[in-house]
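Chain identifiers are assigned alphabetically (A, B, ...) following the order of the sequence lines, protein sequences preceding nucleic acid strands; residue numbering begins at 1 within each chain.
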Amino acid sequence: MSAAERLSRRFFARPADVVAHALIGQVLVCGERAGIVVETEAYLGPDDKASHARFGATARTSVMFGPGGVSYVYLIYGMYDMFNIVTGRDGEGQAVLVRAAHPERGIAGGPAAAAGPGKLCRAFGISRARHHGVDLTASPELFLARGSRVARARVARGPRIGIDYAGEWAPVPLRFWLAGHPAVSRAR
DNA sequence: CTAAGGATTTCT
DNA sequence: GAAATCCTTAGC
């Protein structure tokens, strides 16, 4: 078997909604652990009222305004890490949140171990302390690799979760998932 | 259903 | 400084 093909800068340099869709079916690798991405959400930049980028570049969000292909990991609700990938070009402030994965290798806890963004980080061992601001196109530990192709018809899309405060942006369908996969969040 | 939990941001 | 907010999960 040939070495896994790592996703390149070019892959991540596209708009967040394009990357979020294209990430479904790709392989997330963290050390010895790996799984197939089955749910993502796109955050389009400072104008997107649901995005952390809506306040501009702050101490927390500065990496969002760097080049695509870099990780953005933050803490939510005081206890859960969220794994995001910056997309687009330098300065655009776009990112994709990886919400769920199908465990493939090295992950304890069964099929549901990476169902949900907080559980995904725990299952893969992704932490803010060690994996924030990592270049996924260069890191030997944390990166994305090309998975088997997923037919477009199998990728569903709908509104993002937990962003009711985002006004006109709340209903915009920027969440993507593998249709019918058990690890995908239930819509609210 | 709701409590827990800590950081971030904005407001006074 | 203080307080409200928060892209969640586990446990009643």
(Q) I'd like to know if A:Y74 reaches the base of C:dC7 with its side chain, counting only an N/O donor and acceptor under 3.5 Å. (A)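 Side chain to base: pair found, below 3.5 Å.
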Please work out if [X] contacts a base, only the sugar-phosphate, or nothing of the nucleic acid, heavy-atom cut-off 4.0 Å.
{"X": "A:R122", "value": "sugar-phosphate"}
{"X": "A:R60", "value": "sugar-phosphate"}
{"X": "A:Y77", "value": "base"}

Q) Cation over ring, A:R60 on A:F55, under 6.0 Å and within 45°? A)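 Cation-pi check for A:R60 and A:F55: fails.
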Can you measure [X] atom [atom1] to [N] atom [atom2] for me and round it to whole angstrom units?
{"X": "A:R186", "N": "C:dT8", "atom1": "CZ", "atom2": "C1'", "result": "16 Å"}
{"X": "A:I76", "N": "B:dT9", "atom1": "CD1", "atom2": "P", "result": "11 Å"}
{"X": "A:I161", "N": "C:dT8", "atom1": "CD1", "atom2": "C1'", "result": "11 Å"}
{"X": "A:F83", "N": "C:dT8", "atom1": "CZ", "atom2": "C1'", "result": "18 Å"}
{"X": "A:D81", "N": "C:dT8", "atom1": "CG", "atom2": "P", "result": "13 Å"}
{"X": "A:H52", "N": "C:dC7", "atom1": "NE2", "atom2": "P", "result": "6 Å"}
{"X": "A:E39", "N": "C:dC7", "atom1": "CD", "atom2": "C1'", "result": "11 Å"}
{"X": "A:D48", "N": "C:dC7", "atom1": "CG", "atom2": "P", "result": "12 Å"}

Q: Verify the neighbour count for atom CZ of A:R9: are there more than 12 heavy atoms of other residues, nucleotides or ligands below 6.0 Å?
A: yes
Q) Using 4.0 Å as the upper bound for N to carboxylate O, is an ion pair formed by A:E168 and A:K49? A)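 No.
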Q) Should B:dC11 form a Watson-Crick or G-U wobble pair with both distances under 3.5 Å, which nucleotide is its partner? A) C:dG1
Q.
When both hydrogen-bonding distances must be under 3.5 Å and the geometry is Watson-Crick or G-U wobble, what is B:dA4 paired with, if anything?
A. C:dT8
Q) Taking the side chain as C-beta and beyond, is there a heavy-atom pair between A:I107 and A:F124 under 4.5 Å? A) yes
Q.
Tell me whether A:Y43 and C:dC7 count as stacked here, given that the ring centres must be under 5.5 Å apart and the planes must differ by less than 30 degrees.
A.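 Yes; centroid distance and tilt both under limits.
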Q | Non-hydrogen atoms of A:G88 and A:E92 that approach each other most closely | A | CA-OE1, 3.3 Å
Q: Please determine, for the side chain of A:L75, which listed nucleotide (B:dA7, C:dC7, B:dT9) has the closest atom?
A: B:dA7
**Q.** Of the listed nucleotides C:dC7, C:dA10, B:dG5, the one nearest the side chain of A:Y80
**A.** C:dA10
Q.
So, OP1 or OP2 of C:dC7: does either fall under 4.0 Å of a side-chain N or O from A:R175?
A. no
Q. Is there a side-chain polar atom (N or O) of A:T58 under 4.0 Å from OP1 or OP2 of B:dT9?
A.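 The answer is yes; a side-chain N or O of A:T58 sits under 4.0 Å from OP1 or OP2.
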Q: For A:M79 and for A:R128, locate the closest nucleotide of DNA chain B by heavy-atom distance; then report the residue assigned to the nucleotide nearer the 5' terminus.
A: A:M79
